[in-house]
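Naming: A, B, ... by sequence-line order, numbering from 1 per chain.
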2 protein chains.
Amino acid sequence: MPSSSQLDLTFAALADPTRRAILARLAQGDATVNELVEPFDMSQPAISKHLKVLEAAGLVSRGRDAQRRPVHIEALPLADAVGWLETYRKFWETSYQRLDGLLAELQSFTPKSDQKN
Amino acid sequence: MPSSSQLDLTFAALADPTRRAILARLAQGDATVNELVEPFDMSQPAISKHLKVLEAAGLVSRGRDAQRRPVHIEALPLADAVGWLETYRKFWETSYQRLDGLLAELQSFTPKSDQKN
DNA sequence: TATTTCTATAACTGAATAGTTATGCACTGG
DNA sequence: CCAGTGCATAACTATTCAGTTATAGAAATA
């Protein structure tokens with residue numbers, strides 16, 4: 001089971017759009033730092049910092065290929081994040097169902113012309 | 001589809017263990033602010049601030065019951081967060097499978113005594 | 001060996017975050 | 001109406017964060 005502070009790191013890492021974009025790119029395969037810098041209007045050190053955050057969260061690992069440090073996505077903490085969310089999903093869904101039931105009940109007393117999205 | 005900045009807010013909100021605990025509590029049903037303060041070794045304004053963050057992220061909504069402001073969990077942004085993660089899950093899984101396949105291939109050329117975890 | 005390529009680190013800045021205490025405001029109930 | 005309850009807001013502090021430029025180091029290449 002993931003520790004609370006592990007989830008802190010994972011969700012904090014995911015809170016930045018640049019880092020999510022990096023992960024989205026890495027989902028298609030490993031990449032070097034320069035390859036990750038290229039699509040962004042941002043300096044190389046900025047990307048290196050983001051990679052450090054992702055690595056500290058265990059979301060990526062680094063390899064070695066000559067001068068290059070290829071970046072590899074690590075699935076486990078992402079799966080843990082999904083796991084945390086899924087733990088509570090059933091409760092949200094039951095509240096949704098309660099809401100759905102209530103709405104259905106209300107609509108049965110409402111003229112069709114008042115029904116909205 | 002959720003906007004990028006919406007995901008920013010959602011994941012940032014989830015990055016704090018106090019806020020995750022609040023959501024876990026709310027998954028079981030609505031609660032007043034004081035009820036949410038009680039389990040934490042933290043001032044009431046601190047909890048109110050956390051609730052403001054959760055509300056800004058759309059993760060909770062507030063009602064009104066006399067002086068009380070009951071807090072209600074909102075499932076949609078959480079579902080969106082799961083959605084983002086799930087979008088890439090299949091790629092992680094396929095990279096896992098690729099890795100598994102590669103390892104299997106390598107092991108077929110490797111003496112048993114060299115096989116490691 | 002000198003140069004170039006790839007990446008990391010240092011030092012700095014401005015903005016955001018999480019907490020505190022003190023206080024104010026709205027609504028209830030006696 | 002006024003005392004108390006429930007909550008929010010203000011003002012402040014310490015810390016963290018995301019970005020910058022400048023520089024250093026490590027490995028390949030010419």
Passing candidate, side chain to side chain contact (heavy atoms under 4.5 Å, CB included) with His72(B), options Val60(B), Asp30(B), Leu26(B) |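 Testing each of Val60(B), Asp30(B), Leu26(B) against His72(B), the sole residue satisfying side chain to side chain contact (heavy atoms under 4.5 Å, CB included) is Asp30(B).
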Could you check how far [atom1] of [X] sits from [atom2] of [N], rounded to whole Å?
{"X": "Leu51(B)", "N": "dA8(D)", "atom1": "CG", "atom2": "P", "result": "7 Å"}
{"X": "Ile47(A)", "N": "dC17(D)", "atom1": "CD1", "atom2": "P", "result": "17 Å"}
{"X": "Leu36(A)", "N": "dC6(C)", "atom1": "CG", "atom2": "P", "result": "13 Å"}
{"X": "Asp65(A)", "N": "dT29(D)", "atom1": "CG", "atom2": "P", "result": "10 Å"}
{"X": "Arg62(A)", "N": "dT7(C)", "atom1": "CZ", "atom2": "P", "result": "8 Å"}
{"X": "Arg68(B)", "N": "dG29(C)", "atom1": "CZ", "atom2": "P", "result": "8 Å"}
{"X": "Gln67(B)", "N": "dG30(C)", "atom1": "CD", "atom2": "P", "result": "12 Å"}
{"X": "Asp8(B)", "N": "dA18(D)", "atom1": "CG", "atom2": "P", "result": "11 Å"}

Is the distance from OP1 or OP2 of dC7(D) to the nearest side-chain N or O of Ser48(B) less than 4.0 Å?
->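 For dC7(D), neither OP1 nor OP2 has a side-chain N or O of Ser48(B) closer than 4.0 Å.
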Considering only heavy side-chain atoms of Ala66(A), the closest of dA8(C), dA27(D), dG6(D) is dA27(D)
Of dG6(D), dC6(C), dA8(C), the nucleotide closest to the side chain of Arg69(A) is dA8(C)
Please check if the side chain of [X] supplies one atom and the backbone of [Y] the other of a donor-acceptor pair under 3.5 Å.
{"X": "Arg19(A)", "Y": "Ala13(A)", "result": "yes"}
{"X": "Ser3(B)", "Y": "Gln6(B)", "result": "yes"}
{"X": "Arg62(B)", "Y": "Glu55(B)", "result": "no"}
{"X": "Gln44(A)", "Y": "Val37(A)", "result": "no"}

Parallel, tilted or perpendicular: which describes the rings of Phe11(A) and Phe11(B), with under 30° parallel and over 60° perpendicular?
->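 Judged by the thresholds at 30° and 60°, the geometry between Phe11(A) and Phe11(B) is parallel.
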Report, one pair per line, the protein and nucleotides 18-25 of chain C atoms (nitrogen or oxygen only) whose separation is under 3.5 Å.
{"from": "dA18(C)", "atom 1": "OP1", "to": "Arg19(B)", "atom 2": "NH1", "distance (Å)": "3.3"}
{"from": "dA18(C)", "atom 1": "OP1", "to": "Arg19(B)", "atom 2": "NH2", "distance (Å)": "2.8"}
{"from": "dA18(C)", "atom 1": "OP2", "to": "Arg19(B)", "atom 2": "NH1", "distance (Å)": "3.4"}
{"from": "dG19(C)", "atom 1": "OP2", "to": "His50(B)", "atom 2": "NE2", "distance (Å)": "2.2"}
{"from": "dG19(C)", "atom 1": "N7", "to": "Lys49(B)", "atom 2": "NZ", "distance (Å)": "3.0"}
{"from": "dG19(C)", "atom 1": "O6", "to": "Lys49(B)", "atom 2": "NZ", "distance (Å)": "2.3"}
{"from": "dT20(C)", "atom 1": "OP2", "to": "Ser43(B)", "atom 2": "N", "distance (Å)": "3.3"}
{"from": "dT20(C)", "atom 1": "OP2", "to": "Ser43(B)", "atom 2": "OG", "distance (Å)": "2.6"}

